[in-house]
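Heavy-atom basis, side chains included; hydrogens, waters and symmetry copies ignored.
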Amino acid sequence: AFPGQPTTTCGDLEIDGDLGLLPPEQCDILPDLVNDLCECKPVGSTIAPTTTPPPDEGCSVCGEGLEVTIPDAIFAFPGEPTRTCGELEDEGEQGLLSEVECDIYPDLIAVLCDCQPIGESCSVCGEGKEVTIPDAIFVFPGEPRRTCGELEDEGEQGLLTPTQCDIYPELIDDLCGCEPTLSPTIPVTPAPATPAPVTPAPVTPAPTFSPVFVLPTDAPVQPTDAPVEPTEAP
């Protein structure tokens with residue numbers, strides 16, 4: 001079975017190829033896809049088919065710089081077990097896929113697994129805005145219920161597709177209370193106050209006295225009456 005095509009046998013595929021009923025792109029990729037399943041061998045030979053060794057390092061099943069954004073999508077491939085896109089991506093990163101698989105999977109799963117550029121973060125409210133009601137519940141068809149806070153985290157971590165980054169700002173603007181991002185406030189440390197200069201009060205010098213020299217004088221003499229001699233009465 002091949003994604004998007006009816007189930008056919010290896011014999012029917014071979015007949016379609018011989019009759020020229022296959023488009024050129026299928027003729028290019030089918031040999032690698034059906035080699036093991038259909039046990040392709042050189043005409044007239046019994047040499048056992050060989051498999052391409054896995055690459056030395058892992059690969060991205062979406063292609064260089066791209067990643068799976070629908071990990072639960074189911075991928076069915078002829079001759080291989082059914083796997084999710086997430087499982088395919090893990091196998092590629094762990095180096096479990098062959099070089100051929102690493103080369104052809106990007107074209108095969110691009111739409112099914114919704115391959116998108118890796119890690120392009122965005123603001124779900126739009127450039128320069130942020131969620132102010134993180135607990136509000138956002139419901140969108142085909143997606144799980146999430147809070148506005150969870151949506152904002154997914155956008156910052158690059159987990160949303162470019163399409164989601166483009167449409168979410170208009171869808172959640174009112175619900176999530178999108179507001180302009182506030183610039184961080186830097187506390188201002190006041191400069192130390194400089195005390196005003198103190199002008200000392202003018203000091204009045206104590207009066208000085210010039211020395212006064214006093215010349216000594218004799219003590220004043222109190223006049224006394226002259227002594228009167230008593231006389232006898234006649």
Side-chain angles (χ1 to χ4, degrees), residues 1-14 16 22-23 25-40 48-122 124 137-147 149-168:
F2 193 80
Q5 296 185 10
T7 300
T8 57
T9 66
C10 293
D12 290 338
L13 278 177
E14 188 171 38
D16 289 345
L22 299 178
E25 59 268 22
Q26 289 186 359
C27 289
D28 291 337
I29 65 172
L30 281 175
D32 291 321
L33 299 181
V34 306
N35 184 59
D36 292 337
L37 175 67
C38 300
E39 296 185 359
C40 296
T50 59
T51 58
T52 306
D56 294 334
E57 298 180 358
C59 67
S60 169
V61 289
C62 278
E64 191 67 28
L66 301 175
E67 65 181 350
V68 167
T69 63
I70 308 179
D72 295 330
I74 303 298
F75 176 73
F77 195 77
E80 296 184 3
T82 300
R83 289 167 291 179
T84 65
C85 292
E87 291 170 338
L88 275 181
E89 188 169 47
D90 290 340
E91 292 179 11
E93 292 173 350
Q94 296 170 19
L96 301 179
L97 301 178
S98 68
E99 291 182 3
V100 172
E101 290 172 318
C102 287
D103 289 340
I104 65 174
Y105 277 171
D107 291 330
L108 297 178
I109 71 169
V111 176
L112 173 69
C113 302
D114 193 16
C115 295
Q116 298 291 340
I118 295 173
E120 291 189 0
S121 62
C122 68
V124 290
I137 304 297
F138 175 73
V139 180
F140 192 80
E143 296 184 6
R145 295 164 61 92
R146 288 166 290 178
T147 66
E150 291 170 337
L151 277 180
E152 188 170 47
D153 290 341
E154 291 178 11
E156 292 174 350
Q157 296 170 19
L159 301 179
L160 300 179
T161 67
T163 300
Q164 291 172 318
C165 288
D166 289 340
I167 66 174
Y168 279 173

Distance in Å, [X] [atom1] paired with [Y] [atom2], rounded so as to fall on 0.5 Å steps:
X: Cys85; Y: Glu67; atom1: SG; atom2: CD; result: 12.5 Å
X: Leu33; Y: Glu101; atom1: CG; atom2: CD; result: 9.0 Å
X: Leu151; Y: Phe140; atom1: CG; atom2: CZ; result: 10.5 Å
X: Gln157; Y: Ser121; atom1: CD; atom2: OG; result: 10.0 Å
X: Glu80; Y: Phe75; atom1: CD; atom2: CZ; result: 6.5 Å
X: Cys59; Y: Glu89; atom1: SG; atom2: CD; result: 10.5 Å

What are the two closest heavy atoms between [X] and [Y], and how far apart are they?
X: Val124; Y: Leu160; result: CG1-CD1, 3.5 Å
X: Gly92; Y: Val61; result: CA-CG1, 4.4 Å
X: Pro31; Y: Cys27; result: CD-O, 3.2 Å
X: Asp114; Y: Gln116; result: OD1-NE2, 2.7 Å
X: Val68; Y: Gly86; result: CG1-N, 4.5 Å
X: Val100; Y: Asp32; result: CG1-CB, 3.3 Å

Practice task
Would you indicate whether Cys113 and Cys62 have their SG atoms under 2.5 Å apart?
Solution key: no

Problem - Residue pair Thr84 / Pro71, side-chain heavy-atom distance below 4.5 Å - result: no

Practice task
Quick one: do Gln164 and Glu143 satisfy side chain to side chain donor-acceptor pair (under 3.5 Å)? Show the steps, please.
Solution key: CA-CA 11 Å; Gln164 291 172 318; Glu143 296 184 6; 2.9 Å; yes

Handout entry: Residue pair Leu108, Phe77: steps toward the side-chain contact (heavy atoms from CB on, under 4.5 Å) verdict
Key = CA-CA 10 Å; Leu108 297 178; Phe77 195 77; 3.4 Å; yes

